[in-house]
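Note that these values count all heavy atoms, side chains included, but never hydrogens, waters or copies made by symmetry. Since we're looking at a predicted model, the values are computed, not measured. Atoms within each ligand, like the ligands themselves, are counted from 1 in listed order.
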Amino acid sequence: MGILIKNIDALPSADGPAALGVDIGIDGDRVAFVQKSGSPLPPGFAAGRTIPGAGRLAIPGLVNAHCHAAMTLLRGYADDMELETWLFDRIFPAEAQLSGDDIYWGTMLGAAEMIKNGVTCFNDMYLKMDSVAEAILGSGIRAAVSVGPLLTGKRGDAGVDADSCKAFFRKWDGAGGGNIRTNMEIHSIYLFQPETLAAGARLAKELGSAIHIHILETAAERENMLREYGKSSVLLAEEYGLLDSPVIAAHCVHVDSAEILRLRDRGASVAHNPSSNLKLASGIAPVPEMLRAGVNVCLGTDGAASNNSLDMFMEMRLAALLHKGASREPAAVPAAQAFRMATRNGALALGFEDCGEIAPGRKADITIVQLDRPHLSPLHSHLSTLVYSARGSDAETVIVNGKVLMENRELLTIDEEKTTHMARAAAKKFIASQ
Ligand SMILES: [Zn+2]
């Protein structure tokens with residue numbers, strides 16, 4: 001039995017107009033049809049569940065293309081400092097205390113927050129990834145999970161743990177009805193020695209894996225790499241073979257024009273994290289230049305320790321506004337572009353090619369936004385309202401892979417009260433150590 005969303009307005013993708021007063025049919029895990037409301041149902045389709053759509057807007061679920069979900073545990077733990085101090089003096093020591101259980105509840109809290117903010121899919125990189133994947137599986141959200149086989153880091157003698165990486169891929173790739181994909185984490189160029197990075201690149205090629213990496217988040221990274229190697233992290237990544245695999249490069253704040261073209265030519269996607277870059281005083285990524293060059297730019301929140309929220313509506317609005325102000329060009333990142341970055345571009349970057357649009361045959365990952373609210377009225381343009389006025393808390397119902405995960409703001413797969421309680425308990429150890 002399918003799901004019928006009745007008489008709803010929709011923005012099926014960033015590339016077309018709003019569809020007014022349509023019925024959306026979901027059969028199994030996919031969208032079966034989008035048609036004028038009241039038209040006869042296609043033969044063979046039976047609605048087991050009907051969701052009223054009047055006064056609401058259906059959009060493709062938002063895709064958070066760079067996140068560390070369990071960092072919700074560190075939300076508000078270390079603020080108002082630049083990345084190096086924040087990461088090495090505060091975050092890494094705190095993370096060393098986290099157990100698998102802590103990370104499970106931190107990820108569950110992140111999944112709860114994202115679903116409540118209309119996110120249907122995210123790209124995660126963290127520690128103890130089996131615990132992360134368990135939480136994702138339980139929540140029903142879609143995610144790409146990156147496991148890091150490079151050992152040690154911070155330039156200590158490292159090595160590559162290929163066996164546990166392969167075991168993780170075997171266990172989790174395609175799990176949850178295809179909701180979970182596995183990728184390889186290479187945290188960053190600056191944490192590892194060249195031979196370790198090259199070995200990681202070879203392993204990614206062997207496994208056919210995408211690589212999720214932080215690149216040139218700070219000016220300090222650029223300066224350090226240039227001083228030590230005579231090249232920035234983009235060119236080093238290419239030299240070590242990392243760009244031979246599909247790459248999701250988070251940040252890319254301090255890339256130059258030649259490096260932008262290199263990223264484009266090698267098919268890398270860039271995950272833009274405007275809130276995190278502003279909060280850590282890292283700078284403003286040259287997103288309009290990347291878009292003009294044809295780079296696939298998607299959008300992420302980064303972790304809740306550097307944002308401090310996982311609200312992709314806020315990120316979409318900020319991405320649209322920030323680059324206008326920075327360039328004094330009002331069309332630098334138009335609303336449609338921000339919407340595309342938060343949906344289809346993210347889905348493509350993560351390898352979920354069937355996601356990021358509402359169309360027959362696509363995966364049924366849909367967020368329903370309640371429009372009948374003072375701050376969303378009147379309604380001159382669905383797109384403007386969505387990008388410039390809506391908030392995460394306007395997401396009313398969220399469907400992932402044809403399954404309703406939230407209905408009327410109530411989470412159906414996650415025990416919100418228990419999750420919040422367990423995550424608070426896990427976070428207490430940081431308060432104690434402060
Ligand atoms: Zn990050």
Residues that Arg142 engages under salt bridge (charged side-chain N to carboxylate O under 4.0 Å, His left out), provided they are two or more places apart: Asp365
All salt bridge (charged side-chain N to carboxylate O under 4.0 Å, His left out) counterparts of Arg75, not counting sequence neighbours: Glu113
Ring-ring centroid check His66 His212, cutoff 6.0 Å: yes
Tyr126 and His68 aromatic ring geometry - parallel, tilted or perpendicular at 30°/60° bounds: tilted
Parallel, tilted or perpendicular: ring planes of His214 versus His187, cut at 30 and 60 degrees: tilted
Residue pairs fulfilling side-chain hydrogen bond (donor to acceptor under 3.5 Å, both in side chains) with at least one residue in residues 128-141, sequence neighbours excluded: Asp130-Trp172
2.8 Å cut-off (strict), protein N, O or S atoms about the Zn ion (ligand 1): 4
